[in-house]
Asks: 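Sharing a structure below in structure tokens format, with a few things to ask.
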Amino acid sequence: MVDVSTDNIYMDNAATSYPKPGEVIDAVCHHLSTLSSNPGRSAHRLSLEASRALFDARQTVADFFGASDSRDVVFTLNVTEALNLAIYGILRKGDHVVTTSMEHNSVMRPLRHLESEGIIELSVVHSFPDGSVDIDGIAKRVKQRKTRLLVVNHASNVTGTIADIKAISRVKGEALLLVDAAQTAGCLPIDLKEMGIDLLAFTGHKALLGPQGTGGLVINTTRECILPLKRGGTGSNSEFEQQPDFLPDRLESGTANGCGIAGLARGIEVIQTMGIDNIRMHEKKLIEIMQEGLKEIKGIRIYGPMDAERQVAVISINIEGISPSDVGYALDRSFNICVRTGLHCAPSAHRTIGSFPQGTVRFSMGIYNTEDDVEKAIDALTWIAEH
Amino acid sequence: MTVFVFYCIHDVMKAEKAFKDSGIPIDIIPVPRQVSSDCGMAVSLEEEYKIRAQDILVEHNIEIKGVYKRLSSNEWVIDT
Ligand SMILES: Cc1ncc(COP(=O)(O)O)c(C=O)c1O
């Protein structure tokens, strides 16, 4: 087995955050060892405790994102499932959809699928080479046709570029705005009402510090029109063979990831205790140090806005003459630095920034990264560029 | 004994919390077979708390499916 505990510099937090706070691990263990019975199915004390844990977690998520009611939080396996739920649950034959060229495949593939089946018409608005959204372009597209759904990420997983969701919401017209918050939930403040988000898809295992297998869709408006992806047992309305029509049961069938969700809720509490503004400040500092250092390296190409104010702690680079995978391999084997290379499940984003098909080397920092980590990464890249 | 029946467990949990916060003693019980199998669980409370409890539900915007009263161990009537 590889010893992953010593001297590792983990800079792949955009994929999954690591390590997890002790509180999160404790919450998962506590749930597994004391209240891991089936929530919402029975009235015995253990089931009730499991139901309460799920209810409390839903409230924690609702409060964190400014949802008006915790029933509007639908738990899913990850953001991919939440995005699929919203996309397939809302779109009908003939609908027009607008998205951007910076989207992850978890948005692009469901939309391309519906397009190829002749169900929707899709307009992909080209983003700028630094990853920023062409808001005027979106405004034009949604005006041309009665658009049903507008899907954008809050920050790119390739360049970290933050989208101005409030400004995008102002031009959405009659469309519903679905935001992929995979890269921002937990590291940027999000308020559904303040930002004008109709539907927010999030994942639990990145900046929210929770375990894998957690995520959700938070619904701000449009409670009625979303059809379930799955139908099945909910513990409610058991005399009927039809799916119940109320939330969250309508969209949540089958036993939930109880212990995972308990961990996710604790992750959010850890963030609230640290203060999301403090987290942001820490990450901005790391971005600045990283960018300053990178600029000094010969033959390096840095993607994204190069401005800590306009990006989350995700930085993509390439070194002239060396493939991203070779850089990543050297970082891992010679310097114990873990990064992700290649296309990051976002081929369209790489086309937009000009790094398709080879991709980039992506560094992504989290709350546990230090300035020292960043300096070591810069030293390692300097060495690699010179050899 | 009075029993409140809800549409879903989410509302039962919400009601439980609201009642606890207001100091109304309640229990969560399996829904009596004679009542409805809607969401498997119901809130039971002493009749003297009924009116106050109903006000709290309105205040918290929690929809109730029905209120029942126990006459004997297997006799329940709607009590509105
Ligand atoms: C912007 C974006 N969307 C979607 C995803 C998919 O996340 P998950 O695998 O948790 O569903 C990711 C992360 O991989 C992402 O960065």
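All chains are named by letter (A, B, ...) in the order of the sequence lines, taking the proteins before the strands, and each is independently numbered beginning at 1.
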Asks: Quick one: closest heavy-atom pair of B/Tyr7 and A/Phe246, and the distance?
Replies: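 Nearest pair, atom of B/Tyr7 first, then A/Phe246: O-CZ, 3.0 Å.
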Asks: Got A/Arg45 and B/Ile28 here, is their nearest side-chain heavy-atom distance under 4.5 Å?
Replies: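 No, their side chains stay 4.5 Å or more apart.
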Asks: Please report the interatomic distance SG(B/Cys8) to CD(A/Glu252), rounded to the nearest 0.5 Å.
Replies: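 Reported to 0.5 Å precision, the distance equals 10.5 Å.
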Asks: What are the two closest heavy atoms between A/Phe55 and B/Lys14, and how far apart are they?
Replies: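 Nearest heavy atoms, A/Phe55 then B/Lys14: CZ-CA, 3.4 Å.
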Asks: So, B/Lys17 and A/Asp56, do they make that salt bridge, N to O below 4.0 Å?
Replies: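 Salt bridge flag = no for A/Asp56 with B/Lys17.
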Asks: If I take atom CD from residue B/Glu63 and atom CZ from residue A/Arg71, how far apart are they, to the nearest 0.5 angstrom?
Replies: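 The distance works out to 7.5 Å.
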Asks: Given that the side chain runs from C-beta out, which part of A/Ser70 has a heavy atom under 4.5 Å from chain B: side chain, backbone, both or neither?
Replies: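 Its backbone and side chain both get close to chain B.
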Asks: Does atom NZ of B/Lys50 have more than 12 heavy-atom neighbours from other groups under 6.0 Å away?
Replies: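 It does: B/Lys50 NZ has more than 12 such atoms within range.
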Asks: Side chains of B/His10 and A/Asp69: closer than 4.5 Å at any heavy-atom pair?
Replies: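 Yes. Closest side-chain heavy atoms under 4.5 Å.
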Asks: How about B/Glu46: does its CD atom have over 12 heavy atoms from other parts shown lying under 6.0 Å from it?
Replies: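 No, the 6.0 Å shell around CD holds no more than 12 heavy atoms from other groups.
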Asks: Report the distance from atom CE of B/Met13 to atom CG of A/Leu54, rounding to the nearest 0.5 Å.
Replies: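 Nearest 0.5 Å value for the CE-CG distance: 9.5 Å.
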Asks: Is it the case that atom CD in A/Glu174 sees more than 12 heavy atoms from other parts of the structure closer than 6.0 Å?
Replies: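 12 or below, so no.
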Asks: Is B/Asn61 atom CG crowded by more than 12 heavy atoms from other residues, nucleotides or ligands, each under 6.0 Å away?
Replies: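 At most 12 heavy atoms, drawn from other residues, nucleotides or ligands, come within 6.0 Å of this atom.
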Asks: Is the NZ atom of A/Lys230 crowded by more than 12 outside heavy atoms at less than 6.0 Å?
Replies: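 At most 12 heavy atoms, drawn from other residues, nucleotides or ligands, come within 6.0 Å of this atom.
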Asks: Please classify the contact between A/Pro248 and chain B as side chain, backbone, both or neither, with a heavy-atom cut-off of under 4.5 Å.
Replies: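 Contact with chain B: side chain only.
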